[in-house]
Structures are given as structure tokens and as C-alpha cells.
Amino acid sequence: VVSWGAMISAYARCGNCRMAVQCLEDMQQQGLKPVDAIYTSILAACSHAGLVDKGRQYFISMREDHG
């Protein structure tokens, strides 16, 4: 999870939302659950890319699916 988080965070900081989201989806397909820091990075990436609806979906998932 740490390696996934590092990649997602790096993509988010570089403004590459598409790759950050792809890494998150790949991580989840492998059965791994994102930690708080990963969701923070994904929300930041969506915010920087102007993807409000996508960010909202991840926020809802964070609350409902992962407590």
C-alpha cells in the first residue's frame, strides 16, 4: 500500500490526475484498500484537474466503503 500511495501522491502532485486515478483503480483491483493519505492525494488530484464530480465520487466512497 505504501508504494501505491507514493505513486498516487507523486502523480497527484505533478498534476497527472488520470494516472493517479489509474493507480488507485489498479490497487483496488488487487484487493488492497486505500488509506487516508491516498484518498487525500486523489481528492487533491481531482481538485487540481477540475474533476469535481469524480472527486465527489471518491469522497463518497471514502465515507461509505472505507468508513
Side-chain angles (χ1 to χ4, degrees):
V1 173
V2 173
S3 297
W4 283 109
M7 288 192 315
I8 292 168
S9 176
Y11 282 128
R13 277 187 269 136
C14 292
N16 195 337
C17 181
R18 183 179 58 82
M19 286 302 298
V21 168
Q22 183 64 49
C23 284
L24 175 64
E25 291 172 359
D26 291 346
M27 182 184 92
Q28 289 176 319
Q29 285 178 350
Q30 292 184 7
L32 300 171
K33 291 186 179 181
V35 295
D36 296 345
I38 291 174
Y39 272 114
T40 301
S41 295
I42 287 294
L43 293 174
C46 290
S47 173
H48 291 301
L51 301 174
V52 177
D53 291 333
K54 189 79 165 168
R56 184 175 290 130
Q57 290 173 356
Y58 284 116
F59 181 75
I60 291 169
S61 172
M62 176 180 68
R63 287 181 39 205
E64 292 179 358
D65 299 337
H66 303 287

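For the numbers below, each heavy atom of this structure counts, side chains included, while hydrogens, waters and symmetry mates do not.
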Report, one line per pair, each donor and acceptor closer than 3.5 Å where one atom sits in a side chain of residues 40-56; sequence neighbours left out.
{"unit_1": "Thr40", "atom_1": "OG1", "unit_2": "Asp36", "atom_2": "O", "d": "3.1"}
{"unit_1": "Ser41", "atom_1": "OG", "unit_2": "Ala37", "atom_2": "O", "d": "3.2"}

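- The stretch residues 4-26 participates, sequence neighbours left out, in no ring-ring contact (aromatic ring centres under 6.0 Å, His included) pair at all.
- For the pair Tyr58 and Tyr39, the tightest heavy-atom approach, listed with the atom from each and the gap, is O-CE2, 3.6 Å.
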Please tabulate, for side-chain N and O atoms in residues 13-27, each donor-acceptor pair with protein atoms closer than 3.5 Å (sequence neighbours left out).
{"unit_1": "Arg13", "atom_1": "NE", "unit_2": "Ser9", "atom_2": "OG", "d": "3.3"}
{"unit_1": "Arg13", "atom_1": "NH2", "unit_2": "Ser9", "atom_2": "OG", "d": "3.1"}
{"unit_1": "Asn16", "atom_1": "OD1", "unit_2": "Met19", "atom_2": "N", "d": "3.2"}
{"unit_1": "Gln22", "atom_1": "NE2", "unit_2": "Asp26", "atom_2": "OD1", "d": "2.8"}

